[in-house]
There are 2 protein chains.
Amino acid sequence: MRLTTKGRYAVTAMLDLALHSDHGPVSLSDISTRQEISLSYLEQLFSKLRKQALVTSVRGPGGGYRLSRSHNEIFVAQIVDAVNESVDATGCKGRSDCQSGSTCLTHHLWCDLSDQIHDFLSQISLEQLVMRNDVRQVAERQNFEVQLGCSEKDKISAAMVD
Amino acid sequence: MRLTTKGRYAVTAMLDLALHSDHGPVSLSDISTRQEISLSYLEQLFSKLRKQALVTSVRGPGGGYRLSRSHNEIFVAQIVDAVNESVDATGCKGRSDCQSGSTCLTHHLWCDLSDQIHDFLSQISLEQLVMRNDVRQVAERQNFEVQLGCSEKDKISAAMVD
DNA sequence: TATTTACCCGACTATTTTAGTAGGTTATTA
DNA sequence: TAATAACCTACTAAAATAGTCGGGTAAATA
């Protein structure tokens, strides 16, 4: 099972895209600023997301990325799958050759777990995430911080220490 | 989320312990042979399992490890927790400081997922695993292989290629 | 058409984690 | 006291993660 910042970043970035999709394509540098993810790293992730047809790109000034389909047709599992190879909990990628060619003692348990995780993440769409209160609150805070800019933000942080 | 061979090995070893618990303590070298896990690595894992009071040890000849309580009172989640720090899917270990001190956009989603996984693995006891058909079959094969010994096993493998 | 914006791509790198080694010490039993 | 097996510390190779860097290429605007 592999679920690290790579998968988390991808979902976060896609959710950012969904949240800001009403004014044309969203540039990676915008996402980078709002979500504090390195631009080059985002480029790598979006290359994979594009190949899996989860986003479409628009080049040139004013360009960026757009979700390739409706918010309720994109699920978290698809995003994680696109950047990680899989959300597989087995060590043998389901091939049952975990113990020198044969099945290991706990193979079926990890298969069950993989299914469980996959089912859970397959049921959560971007639409659902956008509607959540906790997501809306964080998004609002992020928009506010970006408006302030870094220097102003630092001043406030410094002021709050006093 | 961290579920790698470390956690898988630990559960496999504990299940092996449960399967062979009827003739006194089980030595790590036995587990090492049956499950093909390096002895030194097993020692590291059992050090943690012992500290979490999941097993008790018996030193000296004929010694080994015993499960510290009944098979239906030890759950997979406890084993994985003992060797990994946690089955946490968040990047901030639940502290909500994922985005430079504040909560990141997808924090709550990963909390939900962590709960989901933990609940699932908390419901599976060693007892249940021991009863499963797939587990019994693999265990039987392993006992047979150990009886043959390595050299005999290689001969059979070689014969099967012809 | 020049310039800017932003996607696109491959190679490289520091850090961390995993998985495993090596070499010893302590306790128990035969 | 010899053998066995737990116990402990430190080290290490390999892999994965989380980036960086340096160049492209395509499209829009001025």
Side-chain angles (χ1 to χ4, degrees), chain A residues 1-13 17 20 24-33 35-52 54-66 68 80 83-88 91 93 98-99 104, chain B residues 1-10 12-13 17 20 23-33 35-52 54-66 68 80 83-89 91-93 98-99 104:
Chain A
M1 169 69 191
R2 197 178 304 149
L3 184 56
T4 60
T5 48
K6 194 192 264 184
R8 283 196 293 268
Y9 278 178
V11 175
T12 302
L17 207 55
H20 298 88
V26 181
S27 73
L28 291 189
S29 65
D30 282 0
I31 299 178
S32 172
T33 307
Q35 306 305 331
E36 299 177 14
I37 303 171
S38 118
L39 179 59
S40 314
Y41 201 44
L42 277 176
E43 286 182 346
Q44 285 178 43
L45 298 178
F46 272 79
S47 165
K48 295 187 176 186
L49 293 171
R50 195 173 56 88
K51 280 167 190 160
Q52 296 298 315
L54 292 173
V55 296
T56 54
S57 63
V58 181
R59 299 178 78 146
Y65 285 93
R66 244 191 273 267
S68 64
V80 175
V83 293
N84 291 358
E85 290 113 58
S86 66
V87 281
D88 186 12
K93 296 180 180 172
C98 0
Q99 190 180 11
C104 81
Chain B
M1 170 68 193
R2 197 176 306 149
L3 185 56
T4 60
T5 48
K6 195 191 264 183
R8 283 196 293 268
Y9 277 177
T12 302
L17 208 54
H20 298 88
H23 306 296
V26 181
S27 74
L28 291 190
S29 65
D30 281 1
I31 300 178
S32 173
T33 307
Q35 305 306 330
E36 299 178 14
I37 303 170
S38 117
L39 178 60
S40 315
Y41 201 45
L42 277 176
E43 286 182 345
Q44 285 177 43
L45 298 178
F46 272 79
S47 164
K48 295 187 177 186
L49 293 171
R50 195 173 56 89
K51 278 167 191 161
Q52 296 299 314
L54 292 172
V55 295
T56 54
S57 62
V58 180
R59 296 176 81 146
Y65 286 93
R66 245 192 272 266
S68 64
V80 175
V83 293
N84 291 358
E85 289 112 61
S86 64
V87 280
D88 187 12
C92 57
K93 297 180 179 172
C98 3
Q99 190 180 12
C104 82

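Each chain gets a letter, A, B and so on, in the order its sequence line appears, and its residues count up from 1.
Residues passing the side chain to side chain donor-acceptor pair (under 3.5 Å) test with A/Ser29 are A/Ser27, sequence neighbours excluded. B/Ser38 meets the side chain to side chain contact (heavy atoms under 4.5 Å, CB included) test with B/Ser40, B/Tyr41; sequence neighbours excluded. For B/Arg66, the side chain to side chain contact (heavy atoms under 4.5 Å, CB included) criterion is met by B/Pro25, B/Thr56, B/Val58, not counting sequence neighbours. With sequence neighbours excluded, the residues forming a side chain to side chain contact (heavy atoms under 4.5 Å, CB included) with A/Cys98 are A/Cys92, A/Cys104, A/His107, listed by chain and number.
The nearest whole Å value for the distance from the CZ atom in A/Arg8 to the C1' atom in D/dT17 is 11 Å. Rounded to an integer number of Å, the gap from A/Leu45 CG to D/dT17 C1' is 11 Å. The nearest whole Å value for the distance from the CD1 atom in B/Ile37 to the P atom in C/dT18 is 16 Å. Atom NZ of B/Lys48 is separated from atom P of C/dT17 by 12 Å (rounded to the nearest Å). The distance between atom OH of B/Tyr41 and atom P of D/dT12, rounded to the nearest whole Å, is 18 Å.
The structure places CG of A/Leu54 at 12.0 Å from OH of A/Tyr65, a figure rounded to the nearest 0.5 Å.
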Classify every nucleotide of nucleotides 1-10 of chain D by which part a protein heavy atom approaches to under 4.0 Å, writing B for the base, S for the sugar-phosphate alone and - for neither, in 5'-to-3' order. --BBSBBB-B
Kindly determine whether B/Lys51 and B/Ser47 satisfy side-chain contact (heavy atoms from CB on, under 4.5 Å), including the steps that lead there. CA-CA 6 Å; B/Lys51 278 167 191 161; B/Ser47 164; 3.4 Å; yes
